[in-house]
Each structure stands twice: as structure tokens, then as C-alpha cells.
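Here the structure comes first, spelled out in C-alpha cells, and everything after it is commentary.
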Amino acid sequence: MNWTANDIDLYMQQQEYIDTALIPLVHIGGGGAMKQSASSAEFLLNLSAFIERQFKGRVVLFPPFSYTDGNNRERLAAEWGSSVSDMPFRHVFYLTTDPSWSREGIIEDAIWIPSIPLESMDKKLKQSVLDDQVRQIIPVLTSKWASE
């Protein structure tokens, strides 16, 4: 389910089955890093949408949280965690192409995926790459779901 009025209406009706929030963390880089940042964001948003389609009825895909190098990540993580904890999700996963979120332990359930530039791929190859990435993420999600 996506963060849209229609999907949230459906979520409200089937809340007991939809227990997971998926939140993409998008780094907004400037200067010389702008192209890389945009490419990473494109990959992450495509991957997030693909995961949402795979787990429709279990996952709500939130709009991406965007941040810059100047943001205090610990403070952002605390604010996001506080905001999301008020919502009735048993599981909250943050998806990111920035390894610092998981490497530094800022967010416990941050799932880091290395960015793959999709802009020059044809549709079939892009689909194959996203399939491969989702296959790597599924065990992470299912292990957390199984441990509840």
C-alpha cells in the first residue's frame, strides 16, 4: 500500500493484517554529488515501489524522508522514530543506499542496499536488477516478521 488517501482507507479497514511501514531514506547531495544523489534516489524509490508491490497487503510504503549532509542524523532518526512510533505498525523498516545509517547503528532496522544506476538500463534489465535486490531484502523482512 502506498501513502495515498485510497490506500490508507483500505489500510484502516484491514489494519490487523498490515503491520509494516517501509520508509525510504533519500540523501540529497549537492554540488558534484548531485548526479550520484539523484541516481541513488531513483534506484531507492524504484526498489521501494517494487517491494511495496511484492508485499501489498502487508506493507505501507511511506513517502521518502529526505536529508542532506548538514542534517544531524541522530536527531533525525529520533524524530522519525518518535513520529512513526505513534502509528500502529509493529515493524518499521528504513530502506537506504547510504551505508552510514546501518554502519553507525543510527537506526536499528535500516536496510542498506548499494545503489545501482538505473538510468541507462532498458526496462527488462531494470526489472531484473530490482528482482535481484528484492530477493536479498526478503530474508531480512521475513526474519523480523517471524521473530514477533
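The model shown is predicted, which means the values in this text are computed figures rather than measured ones.
- Follow the hydrophobic side-chain contacts under 4.5 Å out from Leu95 and you never reach Met87; the two are in separate clusters.
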Exercise. Do Trp3 and Ile8 pass the side chain to side chain contact (heavy atoms under 4.5 Å, CB included) test, and can you show the C-alpha distance, the side-chain angles, and the key distance before you say yes or no?
Worked result: CA-CA 7 Å; Trp3 193 259; Ile8 295 303; 3.9 Å; yes

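- Under a hydrophobic clustering in which Ile, Leu, Val, Met, Phe, Trp and Tyr are joined whenever their side-chain heavy atoms come within less than 4.5 Å, directly or via other members, Ile107 and Val59 fall into different clusters.
- A salt bridge does not link Asp131 to Lys126: none of the charged nitrogens lies less than 4.0 Å from a carboxylate oxygen.
- Residues Val134 and Leu47 are in side-chain contact: their nearest non-hydrogen atoms beyond the backbone lie under 4.5 Å apart.
- Here Asn2 contributes atom CG and Leu10 contributes atom CG; the two are 11.5 Å apart, rounded to the nearest 0.5 Å.
- Expressed to the nearest 0.5 Å, how far CZ of Phe43 lies from CD of Glu119 amounts to 11.5 Å.
- Considering all non-hydrogen atoms of both residues, Gln136 and Pro139 come closest at O-CD, 3.5 Å.
- For Ser85 (side chain) and Gly81 (main-chain N/O), a donor-acceptor pair under 3.5 Å exists by modelled atom type.
- A distance of 7.0 Å separates CG of Leu76 from CG of Asn72, quoted to the nearest 0.5 Å.
- A donor atom on one side chain and an acceptor atom on the other are found under 3.5 Å apart for Arg73 and Ser100.
- The shortest non-hydrogen separation linking Trp112 to Thr97 is NE1-O, 3.1 Å.
- Looking at heavy atoms from C-beta onward, Val26 lies out of side-chain contact with Ser37 at the 4.5 angstrom threshold.
- Annotation for Tyr11 and Ile18: closest pair CE1-O, 3.5 Å, computed over non-hydrogen atoms.
- Between Phe62 and Tyr94, the gap from one ring centroid to the other reaches at least 6.0 Å.
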For this session: Apply side chain to side chain contact (heavy atoms under 4.5 Å, CB included) to the pair Phe89 and Asp19, showing each step before the final yes or no.
Result: CA-CA 5 Å; Phe89 295 101; Asp19 64 352; 5.8 Å; no

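- In the model, Asn6 has no side-chain atom that pairs as donor or acceptor with a side-chain atom of Thr4 under 3.5 Å.
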For this session: Any chance you could lay out the ring pair (Phe, Tyr, Trp, His ring centres under 6.0 Å) test for Phe50 and Phe55, step after step, and finish with the verdict?
Result: CA-CA 9 Å; Phe50 193 76; Phe55 292 105; 10.0 Å; no

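- A donor-acceptor pair under 3.5 Å links the side-chain atoms of Asn46 to the main chain of Glu42, judged by distance alone.
- In the hydrophobic cluster analysis, where Ile, Leu, Val, Met, Phe, Trp and Tyr join through side-chain heavy atoms closer than 4.5 angstrom, Val140 is grouped apart from Ile23.
- When every heavy atom of Asp109 is checked against every heavy atom of Val92, the shortest pair comes out as CB-O, 3.3 Å.
- Using a distance-only test at 3.5 Å, with no hydrogens or angles considered, no donor-acceptor pair links the side chain of Thr68 to the main chain of Ile28.
- Trp101 and Trp80 have tilted rings, their planes meeting at an angle from 30° to 60° on a 0 to 90° scale.
- Side-chain atoms of Ser83 come within 3.5 Å of backbone N or O of Glu79 as a donor-acceptor pair.
- Checking side-chain atoms of Glu52 against main-chain N and O of Met1 turns up a donor-acceptor pair under 3.5 Å.
- Each of Trp145 and Val84 belongs to its own hydrophobic cluster when Ile, Leu, Val, Met, Phe, Trp and Tyr are linked at side-chain heavy-atom distances under 4.5 angstrom.
- Ile106 is not connected to Leu44 by any chain of hydrophobic side-chain contacts under 4.5 Å among Ile, Leu, Val, Met, Phe, Trp and Tyr, and they are in different clusters.
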Problem set entry | Audit row: Ser115, Ser40, side chain to side chain donor-acceptor pair (under 3.5 Å) steps and yes/no | CA-CA 5 Å; Ser115 179; Ser40 291; 3.1 Å; yes

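- Between Leu118 and Ser39, every side-chain heavy-atom pair lies at or beyond the 4.5 Å cut-off.
- Atom NE2 of residue His91 and atom CG of residue Leu22 lie 13.0 Å apart, to the nearest 0.5 angstrom.
- In this structure a side-chain-to-backbone donor-acceptor pair under 3.5 Å is missing from Asp132 to Val129.
- Here CG of Leu25 is found 9.0 Å from OG of Ser48. Values are rounded to the nearest 0.5 Å.
- Put simply, CG on Asp98 and OH on Tyr67 are 3.5 Å apart, with the number rounded to the nearest 0.5 Å.
- In this structure, the side chains of Leu141 and Gln54 stay at 4.5 Å or more apart for every pair of heavy atoms.
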